[in-house]
Participant: 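Please read through the structure below; I'll follow up with questions.
Every heavy atom of this structure was used, including side-chain atoms; hydrogens, water molecules and symmetry mates were not. All chains are named by letter (A, B, ...) in the order of the sequence lines, taking the proteins before the strands, and each is independently numbered beginning at 1. These figures come from a predicted structure and were not determined experimentally.
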Amino acid sequence: MARILITSALPYINGIKHLGNLVGSQLPADLYARYMRARGHEVLFLCATDEHGTPAELAAAKAGEPVAEYCARMWGVQKDLADGFGLSFDHYGRSSSPENHALTQHFAGKLFEAGLIDEVSEKQVYSNADGRFLPDRYIEGTCPNCGYERARGDQCENCTKQLDPTDLIDPRSAISGSTDLEVRETKHLYLRQSQLKQRLSEWISSKEPTGHGYFDDASEQGNETPPAPPPLPPWPILTTSIARKWLNDGDGLQDRGITRDLDWGVPVRRGKEDWPGMEDKVFYVWFDAPIEYIACAAEWARGRPDSEWERWWRTDKGASDVRYVQFMGKDNVPFHTLSFPATIIGSREPWKLVDYIKSFNYLNYDGGQFSTSQGRGIFMDAALEILPADYWRWWLLSHAPENSDSEFTWENFQASVNKDLADVLGNFVSRVTKFCLSKFGEAVPAGGDWGAEEEALIARLQKGLAAYEAQLDAMEVRKSATELRALWVAGNEYLQAAAPWSVFKEDPDRAAAQIRLALNLIRVYAVLSAPFIPDAAAKMLAAMNTLDTDWPGDMRAALTALPAGHGFSVPDVLFQKITDDEREAWQTRFSGG
RNA sequence: GGGCCUGUAGCUCAAUUGGUUAGAGCAGAGCGCUCAUAACGCUUUGGUUGGGGGUUCGAGUCCCUCCGGGCCUACCA
């Protein structure tokens with residue numbers, strides 16, 4: 001049995017996430033976690049809300065709540081939605097947890113001891129009206145280059161010119177509109193990532209197709225039950241190319257500011273000691289957020305010995321055989337390939353480094369981007385209001401933006417759900433159970449033997465299963481969905497060829513054997529489909545009146561798990577089809593504006 | 001500006017990394033079946049792989065160039 005640590009990128013606390021966020025990290029991570037658990041491996045699957053930073057403070061102010069209360073409330077909202085989508089986290093934590101405060105400060109102290117922290121004095125824009133320093137993006141003004149009046153302090157959206165906030169004509173706060181701005185001197189801590197460039201570069205190289213670092217320890221252990229998963233493939237090009245760009249672009253990897261002048265966050269300390277001159281500052285959210293991956297495990301183990309979570313994270317305390325896989329959207333890649341590893345490596349302590357980073361492109365909505373501000377697209381709460389989670393899970397996973405940005409259209413969604421889920425899988429369950437009920441009653445029928453058709457089906461399923469497993473092991477999400485669907489289709493083809501409804505008239509025993517196989521196939525489908533559509537899988541198992549969720553190793557054996565005489569019930573329709581009227585109504589409702 | 005990704009059938013995507021005649025699903029057409037959610041199965045139409053040039057015995061795949069779509073560019077996270 002292997003041990004698999006899985007983390008999903010942390011959703012930012014500010015508001016409800018849309019389907020693009022979901023498919024880019026949490027959902028594929030859940031697919032992988034459910035699959036690995038089903039294969040019998042020990043899985044720790046973690047996620048948490050990312051709560052610090054300026055946007056959280058502003059969102060709280062807008063909601064008229066203290067930021068701590070706002071974050072606590074939104075954590076609850078996001079947790080409920082995650083549960084609604086069947087995301088099977090072992091723990092859903094918070095980056096604001098005491099565990100993360102302590103660990104973030106601990107890492108800062110270790111990095112300081114290693115000489116990897118610089119104190120840098122710099123000038124930043126302060127807004128008197130807002131009572132805060134303004135990040136460059138929160139300063140607006142007229143672009144000196146093109147005259148656009150709503151240029152931001154970092155870049156003009158109109159002419160794309162890179163700007164410095166002091167370049168802007170008539171600068172004002174984007175928060176309040178106030179022009180009462182001044183430049184103040186402030187001191188910040190910088191992580192000297194540039195010192196670790198060589199080390200990081202070599203590490204990234206080892207994960208590329210020509211590298212040799214992707215055969216992790218967990219995959220090299222011999223004859224176990226269950227067998228260890230196959231070696232991890234090279235990292236996605238998307239992951240390594242973004243990392244390379246940041247490593248090599250311009251002067252190479254830049255040192256990074258890891259503190260901010262904010263109230264809400266992890267106070268700057270060196271371990272448990274004060275940090276002179278840093279009394280009113282907090283760590284930058286991108287410093288503390290990835291550390292929450294570790295702290296989240298500590299939260300999970302609250303009230304139990306530290307060894308419980310350290311065996312997942314400390315290579316000196318049992319984590320050396322852990323396989324660690326991260327899931328995220330492409331915007332998160334630099335922080336996971338460089339900044340966080342720099343924190344880990346720079347600490348000179350034996351923390352577990354990530355083994356595989358699965359990154360995703362973006363999901364677009366009907367010809368444009370999802371937009372929170374314009375209410376354009378589908379958000380997690382609205383999605384669950386109109387349809388069960390499995391419908392979304394199936395479509396999103398089978399269309400995951402792995403190679404390029406992909407697009408949600410209602411036509412495609414309707415066609416995919418109706419055909420794949422209702423017609424191919426749902427109808428299979430329906431036709432088999434109803435036929436059995438009418439001819440043999442609500443129990444697995446006895447009599448008859450398998451013949452050539454059954455042998456051919458078993459061989460085909462065995463082959464298809466191997467293909468499905470290979471894609472899931474490689475985290476090829478779309479291809480996994482294709483293989484799963486092919487398994488469903490095989491059942492329908494078999495039924496058509498076997499035609500038990502005809503056979504029954506001449507040879508009821510033979511028909512009984514066919515239906516016995518088909519009923520067993522429903523259970524097998526439930527087990528195999530559960531990582532994608534857990535709720536429907538549970539319904540199928542309930543209808544088959546079984547708790548046997550063993551992953552099929554030998555298909556022949558798996559297809560005899562339900563013996564003759566085993567009672568079952570005909571389930572309700574598994575997947576209701578989406579009608580044209582519904583589709584059109586939703587299309588209108590979610591068009592935004 | 002720089003970097004990366006991407007363009008394959010009406011639609012959504014493959015193509016074992018340069019190797020026979022570019023394949024699936026959906027949509028369309030035809031046939032079969034009647035257990036089933038008007039479901040299922042079989043057959044079938046549909047391609048100058050964005051345009052042009054080059055390398056090669058051989059190019060969807062490699063190189064150059066042009067066109068289109070997208071992302072990133074370090075103080076939003």
Side-chain angles (χ1 to χ4, degrees), chain A residues 9-14 50 52-56 58 122 124-125 133-139 152-155 160-162 164-165 174 188 193 209 236-238 240-242 244-246 248-250 253-257 260-261 284-286 289 329-335 338-339 361-362 364 369 398-399 401-407 409 411-416 418-424 426-439 478-479 481-482 485-486 489 491-502 504 511 514-515 518 570 572-577:
Chain A
L10 308 187
Y12 197 66
I13 193 72
N14 169 16
D50 174 16
H52 299 135
T54 308
L58 296 179
E122 55 193 12
Q124 279 195 342
V125 174
F133 282 94
L134 297 177
D136 290 356
R137 290 215 169 188
Y138 287 101
I139 304 163
R152 290 186 323 210
D154 56 343
Q155 184 177 34
T160 74
K161 186 178 172 60
Q162 305 276 331
D164 192 81
H188 281 295
Q193 298 183 134
I237 292 170
L238 184 63
T240 52
S241 67
I242 292 172
R244 282 262 159 258
K245 154 84 171 158
W246 280 55
N248 301 324
D249 196 39
L253 187 62
Q254 300 296 299
D255 295 342
R256 193 171 187 102
R260 291 290 183 275
D261 289 290
Y284 176 42
V285 324
W286 264 119
K330 58 184 165 184
D331 51 333
N332 276 280
V333 168
F335 305 98
L338 303 170
S339 303
N361 284 286
Y362 290 151
N364 290 319
Q369 292 197 344
S398 62
H399 295 78
E402 288 176 297
N403 295 321
S404 63
D405 292 355
S406 68
E407 175 154 319
T409 66
E411 288 81 2
N412 189 307
F413 177 67
Q414 178 192 25
S416 197
N418 287 357
K419 196 69 198 176
D420 298 344
L421 295 182
D423 292 348
V424 177
N427 183 55
F428 178 82
V429 173
S430 194
R431 66 194 296 202
V432 169
T433 52
K434 286 181 180 172
F435 179 79
C436 186
L437 174 65
S438 72
K439 305 299 184 200
R478 302 174 83 126
K479 290 177 182 171
T482 300
R485 187 187 191 284
V489 167
N492 280 312
E493 287 182 21
Y494 164 75
L495 273 192
Q496 196 63 33
W501 49 90
S502 301
F504 181 79
Q514 292 168 336
I515 285 301
V570 175
D572 292 337
V573 167
L574 274 183
F575 299 100
Q576 206 77 46
K577 288 198 194 192

Participant: Return no unless some side-chain N or O of A:Tyr284 is found under 4.0 Å from OP1 or OP2 of B:A74.
Facilitator: no

Participant: Give me the distance, rounded to whole Å, that separates B:G47 from B:C13 when you measure between the C1' atoms they each carry.
Facilitator: 15 Å

Participant: So what does A:Val432 hit on the nucleic acid, given a heavy-atom distance under 4.0 Å: a base, only sugar-phosphate, or nothing?
Facilitator: nothing

Participant: Given the C1' atoms of B:C31 and B:U45, what is the spacing between them in whole Å?
Facilitator: 15 Å

Participant: Applying a 4.0 Å non-hydrogen cut-off, can you work out what A:Pro500 is touching in the nucleic acid: base, sugar-phosphate, or nothing?
Facilitator: nothing

Participant: On a whole-Å scale, what distance lies between the C1' atoms belonging to B:U48 and B:G60?
Facilitator: 12 Å

Participant: Would you classify A:Lys439 as touching base, sugar-phosphate or nothing, given that sugar-phosphate means primed atoms plus P, OP1 and OP2, and contacts are heavy atoms under 4.0 Å?
Facilitator: nothing

Participant: With no angle test and no hydrogens, is the base of B:A36 tied to the side chain of A:Asn427 by a donor-acceptor pair under 3.5 Å?
Facilitator: yes

Participant: Tell me whether the OP1 or OP2 atom of B:A39 has a side-chain N or O from A:Lys577 closer than 4.0 Å.
Facilitator: yes

Participant: For nucleotides B:U17 and B:C62, find the distance between their P atoms and express it as a whole number of Å.
Facilitator: 13 Å

Participant: What nucleotide, of B:A74, B:C75, B:C5, holds the atom closest to the side chain of A:Ile237?
Facilitator: B:C5

Participant: What does A:Ser406 touch in the nucleic acid at a heavy-atom separation under 4.0 angstrom: a base, only the sugar-phosphate, or nothing?
Facilitator: sugar-phosphate

Participant: Using a heavy-atom cut-off of 4.0 Å across all strands, would you classify A:Gln254 as base, sugar-phosphate, or nothing?
Facilitator: base

Participant: Given B:A36, is OP1 or OP2 found less than 4.0 Å from the side-chain N or O atoms of A:Asn492?
Facilitator: no

Participant: Pick the nucleotide of RNA chain B nearest each of A:Lys245 and A:Gly257; which residue has the one closer to the 5' end?
Facilitator: A:Lys245

Participant: Which value, in whole Å, describes the distance between the C1' atoms of nucleotides B:C11 and B:G46?
Facilitator: 13 Å

Participant: Between A:Trp501 and A:Arg431, which heavy-atom pair has the shortest distance, and what is it?
Facilitator: CH2-NH2, 3.6 Å

Participant: To the side chain of A:Leu574, which of B:C76, B:U37, B:U12 is closest?
Facilitator: B:U37

Participant: Output the single nucleotide from B:C72, B:U37, B:A77 whose closest atom is nearest the side chain of A:Val573.
Facilitator: B:U37

Participant: Quick one: on RNA chain B, does A:Arg256 or A:Ser398 contact a more 5' nucleotide (nearest heavy atom)?
Facilitator: A:Ser398

Participant: Which nucleotide, if any, forms a Watson-Crick or G-U wobble pair with B:A14, using both distances under 3.5 Å?
Facilitator: none

Participant: Using the glycosidic torsion, which applies to B:U21: syn (within 90° of 0) or anti (everything else)?
Facilitator: anti

Participant: Could you let me know what B:U21 is paired to, Watson-Crick or G-U wobble, both distances under 3.5 Å, or none if it's on its own?
Facilitator: none

Participant: Looking at A:Gln124 and B:C75, is any side-chain donor or acceptor paired with a base atom of the opposite kind under 3.5 Å?
Facilitator: yes

Participant: If you count every heavy atom of other residues, nucleotides or ligands that lies below 6.0 Å from A:Leu58 atom CG, does the total exceed 12?
Facilitator: yes

Participant: Applying a 4.0 Å non-hydrogen cut-off, can you work out what A:Asn412 is touching in the nucleic acid: base, sugar-phosphate, or nothing?
Facilitator: sugar-phosphate

Participant: Between B:A74, B:U37, B:G70, which one does the side chain of A:Trp246 approach most closely?
Facilitator: B:A74

Participant: Quick check: closest heavy atoms across A:Gln193 and A:Gln254, and the distance to 0.1 Å?
Facilitator: NE2-O, 2.7 Å

Participant: Separation of A:Arg478 atom CZ from B:U12 atom P, in whole Å?
Facilitator: 10 Å

Participant: With rounding to the closest Å, how many angstrom separate the C1' atoms on B:C64 and B:U55?
Facilitator: 11 Å

Participant: Tell which nucleotide pairs with B:C4, taking only Watson-Crick or G-U wobble pairs whose two distances are both under 3.5 angstrom.
Facilitator: B:G70

Participant: If pairing requires Watson-Crick or G-U wobble contacts with both distances under 3.5 Å, which nucleotide is the partner of B:G28?
Facilitator: B:U44

Participant: Considering only the C1' atoms, how many Å lie between B:G23 and B:U8, rounded to the nearest integer?
Facilitator: 11 Å

Participant: Tell me which nucleotide among B:A77, B:C35, B:C42 gets nearest to the side chain of A:Glu493.
Facilitator: B:C42

Participant: By nearest atom, which of the nucleotides B:C33, B:C75, B:U37 is closest to the A:Gln496 side chain?
Facilitator: B:C33

Participant: Using OP1 and OP2 only, check whether a side-chain N or O of A:Arg137 sits under 4.0 Å from B:C76.
Facilitator: yes

Participant: I want to verify a distance call: between B:U73, B:C40, B:U12, whose nearest atom is closest to the A:His399 side chain?
Facilitator: B:U12

Participant: Would you mind building the protein contact string for nucleotides 23-30 of chain B? One character per nucleotide, 5' to 3', B for base within reach (heavy atoms under 4.0 Å), S for sugar-phosphate only, - for untouched.
Facilitator: --SS----

Participant: Quick check on A:Asp572: does its CG atom have over 12 non-hydrogen neighbours (other residues, nucleotides or ligands) under 6.0 Å away?
Facilitator: no

Participant: What's the gap between B:G50 and B:G70 when it is taken at their C1' atoms, as a whole Å value?
Facilitator: 16 Å

Participant: Just how far, in rounded Å, is P of B:C42 from CG of A:Leu495?
Facilitator: 12 Å

Participant: So, does the side chain of A:Glu122 form a donor-acceptor pair with the base of B:C75 at under 3.5 Å?
Facilitator: yes

Participant: According to a cutoff of under 5.5 Å between the ring centres and under 30° between the ring planes, does A:Phe435 stack with the base of B:C35?
Facilitator: no

Participant: Paired with B:U56: which nucleotide, if any, by Watson-Crick or G-U wobble criteria at under 3.5 Å for both distances?
Facilitator: none

